[in-house]
Amino acid sequence: MSDKLNFIYKNEEDIEKLKQHFKDNINRIDPNKKTILFTVPAWTGTAHFRIITHMFALAEKYPDRFNYLYWEEENFPIKWLFDVDIWFQHRAGSIHAGYLRAKNYFPIGRKIPIVIMDVDDDEVNLPPNHPMKELWYAHGKDQMAKFQLSKSDYVITTGRALKQEFTKYNRNDKIKIFMNGFDWRLPLWHYEKTIHEYPIIGWAGLTSHLEDVSKMSKILKVIHDKYPNVKFKIAGITDKDEHYVV
């Protein structure tokens with residue numbers, strides 16, 4: 001299966017083909033293997049570095065050990081979970097919370113998947129200046145996040161501060177810190193070429209992280225002044241065409 005795939009993708013078209021392969025795996029489940037399902041409410045940068053990269057790495061290293069399934073957008077049948085052993089949920093979502101609520105009512109004899117919630121932000125308490133706060137609360141995403149955090153078998157997150165915050169909802173020993181995933185072989189990093197020319201410091205974030213750039217600018221300036229050969233790549237997403245000077 002996955003051993004025939006080329007995981008060195010060059011563009012969006014390549015990665016869409018890979019994602020489609022793992023979506024189509026729902027039609028070719030081997031009953032003799034454990035099944036791992038990875039789901040995201042929508043395709044985002046965090047879904048890439050928190051879910052896709054790790055799924056690709058597992059499928060490449062252990063192509064014949066598991067069934068690997070992937071789905072994005074919340075519209076898959078709950079009966080799929082009857083064949084799943086481990087379910088990785090990325091972030092809060094209505095299907096994530098709803099199916100998690102329903103899994104204890106599966107028919108007798110059906111296996112119940114181990115649910116692991118992956119979350120890289122405090123989705124329960126958004127800061128006052130967060131551009132999505134009003135919409136987030138209006139859709140009840142904060143309550144979905146709270147429910148998923150408290151009812152998942154395990155929670156994985158990005159650092160000590162978030163782990164400490166999430167102990168309000170789940171046991172400390174059930175919350176694990178797991179780093180973002182990067183495949184440095186990919187052409188988009190130009191890793192082998194640039195590592196011999198000059199070091200690069202990169203940052204990527206959404207609109208809600210724009211204040212982080214301002215905070216980081218003090219650190220970046222110290223690095224720039226001391227090591228002028230260092231290059232910086234800063235990327236983000238804004239809701240309109242804006243230019244921010246660091």
To the nearest 0.5 Å, how far apart are CE in Met216 and CD1 in Ile201? 10.0 Å
Check for a donor-acceptor pair, side chain of Asp30 on one end and backbone N or O of Asn32 on the other, with a separation under 3.5 Å. yes
Check the surroundings of atom NZ in Lys23: do more than 12 heavy atoms from other residues, nucleotides or ligands lie under 6.0 Å from it? yes
Salt-bridge present (Asp142, Lys146; N to O < 4.0 Å): no
Taking every non-hydrogen atom, the tightest pair across Gly159 and Ile177: C-CD1, 3.7 Å
Using modelled atom types and a 3.5 Å cut-off, is there a donor and acceptor pairing between side-chain atoms of Trp136 and backbone atoms of Asn125? no
Between CH2 of Trp80 and CD1 of Ile26, what distance do you get to the nearest 0.5 Å? 5.0 Å
Roughly how far, to the nearest 0.5 Å, is OH of Tyr70 from CE of Met55? 7.0 Å
Once you round to the nearest 0.5 Å, how far does CD1 of Ile29 lie from CG of Leu37? 9.0 Å
If you define the side chain from C-beta out and look only at heavy atoms, does anything of Gln89 sit under 4.5 Å from Leu100? yes
Under a 4.0 Å threshold between the charged nitrogen and the carboxylate oxygen, would Arg50 count as salt-bridged to Asp120? no
Parallel, tilted or perpendicular: which fits the ring planes of Trp87 and His96, with parallel below 30° and perpendicular above 60°? perpendicular
For Ile15, the side chain to side chain contact (heavy atoms under 4.5 Å, CB included) test, sequence neighbours excluded, returns Tyr9, Glu12, Lys19, Trp43, His48, Ile52, Phe56
Rounded to the nearest 0.5 Å, what separation is found between the CG atom of Asp118 and the OG1 atom of Thr46? 8.0 Å
Mind checking whether Met117 and Ile156 have side chains closer than 4.5 Å, heavy atoms only? no
Pair Glu60 + Arg65, salt bridge at N-O below 4.0 Å: no
Results of side chain to side chain contact (heavy atoms under 4.5 Å, CB included) for Pro228 - residues two or more places apart only: none
Classify the ring geometry of Phe66 against Tyr68: parallel below 30°, tilted from 30° to 60°, perpendicular beyond 60°. perpendicular
Check Arg28 against Asp24 and note the closest heavy-atom contact, atom names and distance. NH2-CB, 3.7 Å
Would you give me the side-chain donor-acceptor pairs under 3.5 Å for residues 103-115, sequence neighbours excluded?
{"from": "Lys111", "atom 1": "NZ", "to": "Asp85", "atom 2": "OD1", "distance (Å)": "3.3"}
{"from": "Lys111", "atom 1": "NZ", "to": "Asp85", "atom 2": "OD2", "distance (Å)": "3.3"}

If I take atom CD from residue Gln20 and atom CG from residue Asn25, how far apart are they, to the nearest 0.5 angstrom? 10.0 Å
Where is the tightest heavy-atom contact between Val84 and Ile86, given as atom of each residue plus distance? CG1-O, 3.2 Å
Are Phe38 and Met179 co-members of a hydrophobic cluster defined by side-chain heavy atoms under 4.5 Å apart? no
List for me each residue that meets side chain to side chain contact (heavy atoms under 4.5 Å, CB included) alongside His139, sequence neighbours excluded, and say none if there are none. Leu135, Lys141
Keeping Tyr137 on the side-chain end and Leu126 on the backbone end, is there a donor-acceptor pair under 3.5 Å? yes
Which residue pairs pass the side chain to side chain donor-acceptor pair (under 3.5 Å) test with at least one member in residues 152-164, sequence neighbours excluded? none
List for me each residue that meets side chain to side chain donor-acceptor pair (under 3.5 Å) alongside Thr167, sequence neighbours excluded, and say none if there are none. none
All heavy atoms of Ala47 vs all of Ala42, minimum pair found to be CB-O, 4.0 Å
Does the side chain of Asp121 come within less than 4.5 Å of Arg91's, by heavy atoms? yes
Suppose we call two aromatic rings close when their centres sit under 6.0 Å apart. Are His54 and Phe178 close by that rule? yes
